[in-house]
Structure formats: C-alpha cells, structure tokens
Amino acid sequence: MAAARGKGKAVRRGESKSPFVLGSIFRIFMKNFMTYTVCEVRPGPNLNLVVGANGTGKSSIVCAICLGLAGRPAFLGRADKVGLFVKEGCMKGMVEIELFKPPENILITRKIYVENNASVWFINGKPATLKAVEEQIAALNIQVDNLCQFLPQDKVGEFTKLSKTQLLEATEKSIGSPEMYQFHCELKNFREKERVLENLCREKTTTLEKMKQRVERYKQDVERYHEFKRHTDLIEMLERKRPWVEYENLREQHEEVKQCRNQVKKELKCLKEMQAPWTRRIQETEENLNNLNMKTRDNTAEIRNISQKYKEKQDALEMKDKQIEEINQAFRMKKDEETNRQKKIHQTQQIIEEWQNELDTMAVCENLQPQIDAVNTELKKLQEDKANIDNDVSDLRAEKTSQEQEEKRIIDRLGQLNNIMHMKEENLKMRFRDTHSALMWLRNNKDKFKKTACEPMMLEINMKDSRHAKYVENHISSNDLRAFVFECQEDMETFLAEVRDRQKLRVNAVCAPDESCAEILPSRPIEELHRYGFYSYLRELFDAPSPVMSYLCNQYRVHDVPVGTQKTRDMIERIIQETNLRQIYTAEERYVIKISSYTKQTISSNTCLKEAQYLSSSVDTEERGQLENQRQDISNTLKSLDARLTALFERQKLLDLRDNKLRQEKKALLERGNRRRQLESKIRVKYDSLRQLEQDAIDLEKEFQLANVKIKEINKQKAELVTEVMHLTKRIIQLNVDKVDLAFQMTRVTAKKNRLQSEYKAGTVQLRAAQQRFHELDNRKQLLYDKCKELMKHAQHICRLGPDQDFPEEFKVAFQTLPNTLEEIDAFLSEEKARASCFTGLSPLVVDEYNKQTQEIQQLTEYLEEKRNELNNYKQNIAQVKEKWINLLKVMIEQINGKFSEFFSSMQCVGEVDLHMENECTRMDLSV
C-alpha cells in the first residue's frame, strides 16, 4: 500500500536542513479510530510503502491518511459512511495529519461523529470548511484519489487494470505540471472534435454527390413535365370556354321564346276585352245566387236553433215523468220496509222464545273450577320446562357459532400456509421441472419405501425468519437444496432406479447418516461468541425433518457455523486471531478460514452473500400441525353439539304436543261454564233489538199524502212545458215554408246562370287556346331561364369565379385565340387530350423535388465549406497544443527515466521509462 506523496523537488540528505519534501506527511495522530484508541505515527521523509502482517494496523494507517486528507470513504472500498470508521463503542473519533510546508507545517484535523456521520474540520487548530481543506491539499498537489499517488490494498487490482494511456494521465496529474495535463485535455478535446468534423465532412460530401446525381436524373423528367403541363393548361382553358359557349347558345334561344310569349300575351288581352259583357252578367247572377245561399243558411240555422229548444223542452217533460216515478217508487219502498219490520219483529220473538225455553230446561251449572285449576298447574309446569329447553338450545347454539368461527379462522390460516407451500412448489416446478416430476411420483408412491422419504430440502426447510434465508442458501449448495433425503440406502436406490433409470429425470438424492446428527451440540455455546457480534448458529435459524437436519449437520456442520452482524465484520481480524472458527457469516459476507499445511499461516477469504431464491417463503410446520389438531377437535365438538341439539328439539316437540292438548281441555271446560251466561246475554240483546224495531214503525197514510202533494206540483210544471212546446212547433212550420220558397228561387237563378255560361263558353274557345299557348311559351321561357342560370353557375365554377365577380381580362384574351363553336372546341379538346395522354408516369412532385434538391445542394455546399474551414482551424490548434504538450512530457519522462534507471542500478538491474507515440495515441512504457 502506498502512502500519500506530495509534489516537490527531492532534497538529498545533507543538502538541506530538512530531508522532507514539500507536502510530505510529517505526523499522523489517531484517536478512537478503527482498532486504535490512541496512536501516533511519525513516518520518515521517504515514506513510500506500509507493509506488515495481518492485524498489525496497516489498514488503520491508510484509512487515516485517506480520510484525514479529505478522501471519500467509498474510495477505500470498506464502508460508504465515515461514521463506521470510529472505534466500536465510541461516539466520535479523530484523525490529525501534519504536512511539511516551510516555514510552518500545516496541521489538518478531522473529528468524526457516529451520529449523522458528521465531520468537523480544523486547519492549524482553527475551524475550517471541507472546501478550504481541499484547497490546501490541492495546493500541495496531494491527490488521494490518484492511484499513482495513493494506492490502498483493496485498489491494487484496479491499479493493475489501468491501461498505459490511463497510467500516463495519472502520472501527469501526479507529478507533472498543471499546464501539461491541461494541454493533454485540450488535445483530446480538439482531437475528438476533429474526428467529429472529419466524419461530418465525409458524410456531407458523400451526401452532396448523391444529391447531385439525383438532381441530374430529375432534370429530364422536369422538362417532360413542363411539356405535359402546356397541354394540360390548354385542355383546362378549352374546358373553361366550352360552358360559356353553351350558355351563349341557350341565352339566344331564351330571347327568341321571350319575344313570342310577349306577342301571345297581347292577343290574349284583346280576347279578354271582347268577353267582358258576358262576364259581368254571369257575375251578377252569381251574386244573386250567393244572396239566396246566405238566406238559406240563415233559415237553416234558425230552424236548427228552435229544434234544439224543442228537444230541451221534451227532455224536461221526460224528466218530470221520471220524478213522478221516483216519488211512487219511494212510497212503495216505505211499504216494503214496514212489511219487513213486521217480519223481523215476529222472527225476534220466536228466537227469544226458543232461547228462553233452552235456559229454562238447562240444569244448574256444575262446579268446574278444580278441573280448570289442575289444567293451569300442568300448563305452568310445561312452560317452565320449555323455557329451560330454550335456554339450553340458545347456549348450545352460541357455543356452536363460536366453534364454527374458530374453525373458519383455522381453515383460513391453513389456506395461507398451503398457499405458501404452493408457491414453493411452483418455484420448484419453474426452476427444476425434473425434480418436480419426481416429487409428484414420490407423493403417489410413498408406500414403496420402508422408512421416511423426505421431499426436496427447499420444500422441507422452513425458515423461522425469512430474512435469514440468504445465510442457509449461501451455505448449502443448490444441488443439495433440490435433493431428496432418505433414511435408508435401499429406499434411495429404489427411488433413483425409478426416476433416473426409467423416467430419465435429472434429480439428486442423498442419504442421512445412520446415526442421527440432528441434536449434536456445537463446539462452544453461542453465549461465548456474543462479544464478537454472533447471535445464533445456522441450525437454530430454520426447522426441518430429522433426516434433513441430520444430513445438514453431518455434511455442512450447520450446528457449528455462527451468524453475526456488522459488528462481526468490523472485528473480523480479531475474530480470526482469537477463535478457531472455520466458517463465519456476517451481515452481508461469508468468511472461510483455512490454515496452510506448509507455512501454518491463517488464510481467510470472503464472499458477498447472494439474495435468497428458494427459502424466502417458509411454512411453520409446528403451527400447521397444531392447527390440524385444533381443527379435528373442533369438528368432534360440533358433532357432539349437533347431537345434543337434536335431542333437545325432540323433547321440545313432545312438550308442544302436550301443551296443545291441555289448552283444548281448558277451552272445553270454560265453554261448558259460560253457556248459560251466553244465553242470558243473547236474550237481553234480542229484547233490546225488539224494542228498537217497535220504535221504528212507519206511518203509511202520512207518506201517501206527502207523495200526492209532490206529484201535483210536478204536473203543474208539465203543463207549462207543453204550452212552450206548442209555440215552438208553430215557429218551425213557418220556417220550413220559407225554406221551400228559397229553394225554388235558387233553382230559377241557377238555371239562368247555366244558360249564360253556355252562351259564354262558345265565345271562350279561342280565348282558352290563346291562354294555353301563352302558358306553354311562359313555361318554355322559364325553363330556358333556369337552364341559363345553371349553365352560368357551371361556367363560373369551372373558371373559379364568384357570383358577383367580373369576367377576368386574362380569360377574355385567352378565349379569343380558341374556337367559337362547340364542334370545333370538342375536336380541339380531343386532340389535346390525346397528346397529353402520351406523357405517363409524371407528377408535379418531381418539379417540387427538383427545386427542393437544388436548394438543398446549394445550402449543403455552403455548410460543407464552413465545416472544412472549421476543421482546418482545429488541425492548426492541435499542432500548436501538441507541440507544447510533447515538449513538457518529454522533460517529465526524462526525469522519470533518470530516477527509474538509478533505482534499478542500485538493485544491479537495468530499467528505463520511454514514451511511445503510435497512431496519434501516446502512452508510457516501462522496460526492465
């Protein structure tokens, strides 16, 4: 391990007052740090290596140098928190390093606190920040993270893996001037950018050539497209002019039809003037006829009104007749009611007489009370027995409900345990399918074995705490974890013959020792190891069947392998020296200790623990057995409770039958005692009813007189209604006579109208012919007008014109050079379409792509020229920086070579350090 070295010019002894170099470690002081309570180290001026046997404290000195000079804990490879370097049992520690720097040395102090992993820094006894400490150390060119300056034991492997280029860079940072490493970094950055620019220029040049070739291919297609476009433009202009020619032809036809229509309209007006006198006479007749129609309608309405009044009077007369009938009906009902009253009085008297006879003949009531009291006593006893049974049933049901709830809880817990076991079996099936197939065969054929045959260990081993599974899995090989365990060698051979030889399955099987080792004691009690951080042996972390535990104790000595904590890791060197343990587990590592057969030296190796894969899910077999027993006991208890409930229900049924029988007897006795009182009560009620009937007598003579008075009053009202009906009848007769007279007048006027119309009809034949001609021409004109509008819209649409937009001048100029008839236009259009159809496979995208590619070529050419200029500038910068860096580097290599050769000469050897530059890659080689 190399200690920290500062940069400075070496001073030989005798040439200076002090042999120390600027930045050398003058003194190291540690307090409560790692294994030391108090320790002070004063290295000489030429400290370069720290060597010694295991446990002598090399690591403590190296860790103190790193942490005291602002190094990161992770760089040491031991712990990632600075608080873990404080001595076990202490809350704080201290590291103090004195660095040589005339005229006054620098004293750097770091106090480390376990709580929150905090550190407090001091420079020359004064509080300082970490940044200030780092600046002081950097000023002395001390680099604890540079393996060429500071090389802990755990980083030797990493140092040997450094490439020659990396070694050169580390050497530059370690002993070279700051400008040298800065030039090196600039050179690498320039070279990286130069490569990027070279690749970019190469790619862009290739792209530019391809684009130029592509544009050359597009050029001929563009010329053909322009020729095709000229034909299509002419076709488009012909198609635009054609609807305008159609519109103009149709507009001329519309004007001709319009002139003919106006001529016919004038002739029609003359004919109408000639027919005017006949028209006036027919109109006068129609007016006279309309007046008669109005009078007839009025007459009919009045007849309807009077008829309605006549009907109302008739309805009133019928209503009076109904009222008289209702009065007579009411009187008849009074007579019937009186007759029914007389019958009820007679019936009531007969019933009273019958009940009185029965009462007279009934003997004096016997004394039934003793019998009733006896029945009541027995009923009371029955009720007490039924209440006791109900209480017993309630208690048994409550107990049954409690037992059923407990059984459900046990079943749920067993289901959870079975799910864990199922997960373990699924894990086995997924990872080791052959082992799972053999397991299925074993479960179905256990009767073929003489002694216990255990399933694969990963199923039989149940961790008490799943966090400890990683220790067991790292200790037992994966082949044994999936191996079957047998107590008998013969049983194992039978199993292997079946699954290996016959079924061709790849499985493992082991045989437990003949003498069980499951209960063998460890070499020392675990209590003796508590001071080292050990808390248990491996065997106590899990449960397993006796054959499995016996095999593991015999093969892996799980009863004698302790498991510790982080405290154990921190004290590992002391544990190795003071104990004779051969295998040790800490929180995250496994240690194996061996003694060399030749040198008798102790050799230890450690490996990191892998995470558990097979044993992280465990089933508590003891809990599972207890739950099964509890479930069986509850099942037996439930059967006993059901039997007791059935017996109670049977007894309850018998008591209900006896209770019903006693109640019927009591009812019969009560009815025998109550019959006389019931008859006396009924006779009293009937006498009251008889008196009420006698009081409700009706006076029929008085009712008859009242009915006659009402009928006389109604007859008087009927006479008045008859008088009104007679007047209405006379009025209706007169109105009907007037209606007949109006009908005769209408007949005469209608005949006169028909005669005038016949005479008018002969003179209107010519008028109707003129009207028909006018309508035809008018319809023809409208049709042509609509057609003209449609053609106008179509022509505007073809030319992309708005409704109110004027006809463009460019269209007028273009149309003048084109034919003016539809036949010529169609012929010219067919010819141009035939020419345009000769150009196939063309697209306007070709022109767009051609223009786009041309523009991109111009842009890319400018961009490429700019990048080439930039590349030339980088090459000039590289040449300048490289020259400066090489000069400084050669001076440094010459100095190193001189020192290196001098050192090897002192050992009667030859060695040199030279600088190789190949393919612009510079590296440093050591030759011996």
Side-chain angles (χ1 to χ4, degrees), residues 1 3-4 25-43 47 50-99 107-123 125 127-128 130 133 144 150 152-155 527-535 562-579 581 584-589 591 593 602 604 606:
M1 292 180 291
I25 298 176
F26 191 81
R27 181 175 63 90
I28 305 171
F29 177 76
M30 294 171 283
K31 183 178 180 181
N32 296 332
F33 186 79
M34 293 185 69
T35 58
Y36 291 113
T37 303
V38 176
C39 179
E40 184 176 89
V41 179
R42 291 181 176 271
L47 171 65
V50 179
V51 296
N54 288 341
T56 56
K58 303 185 302 296
S59 299
S60 300
I61 295 173
V62 172
C63 292
I65 293 172
C66 178
L67 298 180
L69 296 177
R72 293 178 290 105
F75 181 73
L76 296 169
R78 290 178 171 268
D80 58 348
K81 296 179 180 179
V82 70
L84 298 176
F85 290 90
V86 177
K87 185 179 179 181
E88 183 72 24
C90 298
M91 297 305 295
K92 65 178 181 178
M94 184 184 74
V95 176
E96 189 174 82
I97 297 179
E98 184 176 351
L99 300 176
L107 186 65
I108 297 176
T109 305
R110 182 176 188 174
K111 293 184 179 180
I112 304 171
Y113 295 90
V114 175
E115 185 178 1
N116 298 329
N117 293 295
S119 296
V120 179
W121 295 90
F122 298 88
I123 298 178
L130 175 61
V133 174
V144 292
F150 183 77
Q153 179 177 341
D154 296 333
K155 294 291 183 176
E527 290 77 15
E528 294 183 8
L529 300 177
H530 283 172
R531 59 196 176 110
Y532 299 114
F534 295 107
Y535 59 87
V563 180
T565 60
Q566 183 62 36
K567 178 181 177 181
T568 309
R569 169 66 180 83
D570 297 336
M571 302 175 63
I572 192 64
E573 295 181 359
R574 179 182 170 188
I575 293 170
I576 293 172
Q577 291 177 356
E578 296 179 0
T579 66
L581 297 172
I584 296 171
Y585 283 92
T586 65
E588 299 295 337
E589 294 176 320
Y591 285 84
I593 300 96
T602 301
S604 63
N606 65 307

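Computed from heavy atoms alone, side chains included, the values below leave out hydrogens, waters and symmetry copies. Positions are given from 1 along the sequence.
- The minimum heavy-atom distance linking G83 with V114 is given by the pair O-CG2, 4.0 Å.
- Of all heavy-atom pairs between L107 and R27, the closest is CD1-NH2, 3.5 Å.
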side-chain contact (heavy atoms from CB on, under 4.5 Å) assessment of V86 paired with F33: CA-CA 5 Å; V86 177; F33 186 79; over 6 Å; no

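- Here the side chains of Y113 and V120 are in contact, with some heavy-atom distance below 4.5 Å.
- R110 places a side-chain N or O within donor-acceptor distance of the main-chain N or O of L67, the cut-off being under 3.5 Å.
- Residue V95 comes nearest to G68 through the heavy atom pair CG1-CA, 4.0 Å, listed as atom of the first residue, atom of the second, then distance.
- Within the model, atoms CG of N32 and CE of M91 stand 11.5 Å from one another, a figure rounded to the nearest 0.5 Å.
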Go through the steps for E96 and F122 under the test side-chain contact (heavy atoms from CB on, under 4.5 Å), then give the verdict. CA-CA 9 Å; E96 189 174 82; F122 298 88; over 6 Å; no

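- Between I112 and N117 there is no side-chain heavy-atom pair separated by less than 4.5 Å.
- Between the CG atom in L130 and the OG atom in S119 there is a gap of 8.5 Å [rounded to 0.5 Å].
- Counting heavy atoms from C-beta outward, Y532 and E578 have side chains that approach closer than 4.5 Å.
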For V38 and F29: C-alpha separation, side-chain torsions, deciding distance, then whether side-chain contact (heavy atoms from CB on, under 4.5 Å) applies. CA-CA 8 Å; V38 176; F29 177 76; 3.8 Å; yes

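- Across all their heavy atoms, L529 and P562 have their closest contact at CD1-CB, 4.0 Å.
- Annotation: side chain of C63 is in contact with side chain of F85 (closest heavy-atom distance under 4.5 Å).
- Note that CD1 of I25 is 6.5 Å distant from CG of L99, once rounded to the nearest 0.5 Å.
- Between the CG atom of L84 and the CD atom of Q566 there is a distance of 6.5 Å, given to the nearest 0.5 Å.
- Heavy atoms of other residues, nucleotides or ligands lying less than 6.0 angstrom from CD of Q577 number more than 12.
- More than 12 non-hydrogen atoms from other residues, nucleotides or ligands lie less than 6.0 angstrom from NZ of K567.
- Using modelled atom types, one finds no donor on one side chain facing an acceptor on the other under 3.5 Å when comparing T37 with K31.
- Contact check for F534 versus E528: no side-chain heavy atoms found under the 4.5 Å cut-off.
- Note: I576 CD1 to I584 CD1 = 6.0 Å, rounded to the nearest 0.5 Å.
- Residues meeting the side-chain contact (heavy atoms from CB on, under 4.5 Å) test with E589, sequence neighbours left out: R569, T586, Y591, N606.
- For T568, there are no side-chain hydrogen bond (donor to acceptor under 3.5 Å, both in side chains) partners at least two apart in sequence or on another chain.
- Considering every non-hydrogen atom in both V133 and A70, the closest pair reads CG1-CB, 4.3 Å.
- Atoms CD1 and OG, on I572 and S604 in that order, are 7.5 Å from each other to the nearest 0.5 Å.
- When all heavy atoms are compared, the tightest approach of M30 to Y36 is CE-CD1, 4.1 Å.
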